[in-house]
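Inspection log for the structure reproduced underneath, given as structure tokens.
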Amino acid sequence: MQGGGGEALNQVLPAVGVVIPAKEASSERLTACLKALDAQTVRATEVAVVVPRRVPIPEDRWSWVRFVHCPNPSSFCRAVNTGIAATGTPWVLLLNDDVVVEPDFVERLLGGIPPDERIGMGCGKLLSGDGRRIDSTGQFLSRAWTAQERGHRSPYPDRFNVPGEVFSVPGAAALYRRSMLEAIALQSGEYFDERFGAYLEDIELGCRAQRAGWRACYVPDARARHCRGATAKTRTPRWSWLRRY
């Protein structure tokens, strides 16, 4: 994996593996995502792209990427769980394939995590594709028990420049401590609850983590863009699982 300026930092920052679920191995958005990872000031130790078994793998183009086949590509959670299991680093960075990170994203995010063993999750400032609005600066549950992305669609990104604790982190660009994932895994061994498919799975994991005493932090200097269409501010909760918390 290419990238300069981070050789000395790699000796002091913890190793991180990147997991990217993708439906195609040669799409334009995955290409943009991988190019951004290739330009990082601090290298990821592992990069695992999880794809359906039927997808052709462009191994010559991305020799530093490990392509992992998922038995059920229709399940986002299963793809993510497959990718996490395929890596072995103490920290795991989960990225959607439509996320483009800035060149110092990994360095800033890892370096911004306070030295507290109970912090098991971290996120940076996730912007919209054009960089003009906030996509997410962390997650929280409202008083009405609705799941929300903090600052979503705000046209004032500079208002979210203060680091600190958040309730949970958005799965589109989320850093997880592996020991936390192992500690809160379900009895089935799943990190993300595969009954959720691809919606609310990240906030559910955050609820499990909070209940077990883990904490999450926000690092505003770590910036990335989420190149998707506008989504709703509020994500309707599933009361069946919220009752557990």
### Summary
Distance col, row L127:CG vs R132:CZ, nearest 0.5 angstrom, shows 12.5 Å
### Task
State whether the side chain of N96 and the backbone N or O of D98 hold a donor-acceptor pair below 3.5 Å, judged by distance alone.
no
### Task
Kindly compute the distance separating OG (S168) from CD (Q210), expressed to the nearest 0.5 Å.
7.5 Å
### Query
Could you walk me through whether F67 and V50 pass the side chain to side chain contact (heavy atoms under 4.5 Å, CB included) check?
CA-CA 6 Å; F67 286 90; V50 185; over 6 Å; no
### Task
Applying side chain to side chain contact (heavy atoms under 4.5 Å, CB included) between R133 and each of S128, P157, S154, report the one that passes.
S128
### Query
In Å and rounded to the nearest 0.5 Å, what is the CG to CG distance from L109 to L13?
10.5 Å
### Query
With a 4.5 Å heavy-atom cut-off, do H226 and V100 have their side chains touching?
no
### Note, C123 side chain near S136 side chain (heavy atom, < 4.5 Å)
no
### Task
Using atom types as modelled and distance alone, determine if a side-chain donor or acceptor of E107 lies under 3.5 Å from a backbone N or O of Q40.
no
### Query
Just by modelled atom types, is the F160 backbone N or O under 3.5 Å from a matching donor or acceptor in the Y218 side chain?
yes
### Task
Could you tell me the separation between the CG atom of L95 and the CG atom of L93, rounded to the nearest 0.5 Å?
4.0 Å
### Query
Of N161, D158, D221, which meets side chain to side chain donor-acceptor pair (under 3.5 Å) against K125?
N161
### Message
I'd like to know if the side chain of D202 reaches the main chain of G171, judged simply by a donor and an acceptor atom lying under 3.5 Å from each other, with no hydrogens or angles considered.
### Response
yes
### Query
Is any side-chain heavy atom of V106 less than 4.5 Å from a side-chain heavy atom of V101?
no
### Message
What I want to find out is whether R118 reaches D116 closely enough, with some N-O distance under 4.0 Å, to be called a salt bridge.
### Response
no
### Query
Quick one: CZ on F76 to CZ on F192, what's the gap to the nearest 0.5 Å?
6.5 Å
### Message
Using side-chain heavy atoms (C-beta onward) and a distance below 4.5 Å, is Y156 in contact with I134?
### Response
no
### Summary
The reported gap from CG in L126 to CZ in F105 (rounded to nearest 0.5 angstrom) is 7.5 Å
### Message
Closer than 3.5 angstrom, by distance alone: can the side chain of R178 be matched with the main-chain N or O of T87 as a donor-acceptor pair?
### Response
yes
### Task
Please determine which of E201, E194, E190 meets the salt bridge (Lys or Arg N to Asp or Glu O under 4.0 Å) test together with R78.
E194
### Query
Any donor and acceptor pair, going by atom type alone, linking the side chain of R66 with main-chain N or O of A86 inside 3.5 Å?
yes
### Query
Hey, is the main chain of W91 close enough, under 3.5 Å, to the side chain of T89 for a donor-acceptor pair?
yes
### Query
Would you say N81's side chain and C77's backbone share a donor-acceptor pair under 3.5 angstrom?
yes
### Query
Would R61 and S26 count as having a side-chain donor-acceptor pair, cut-off 3.5 Å?
no
### Query
Would you find a donor on one side and an acceptor on the other, under 3.5 Å apart, between the side chain of R150 and the backbone of T137?
yes
### Query
Stepwise, does the salt bridge (Lys or Arg N to Asp or Glu O under 4.0 Å) test hold for R177 with E117?
CA-CA 9 Å; R177 192 188 292 269; E117 292 294 326; 3.4 Å; yes
### Message
Under the criterion side chain to side chain contact (heavy atoms under 4.5 Å, CB included), I'd like the reasoning laid out for V80 against T82: C-alpha separation, chi angles, the key distance, then a yes or no.
### Response
CA-CA 5 Å; V80 170; T82 299; over 6 Å; no
### Task
For the pair E46 (side chain) and V16 (backbone), establish whether a donor and an acceptor sit closer than 3.5 Å, ignoring hydrogens and angles.
no
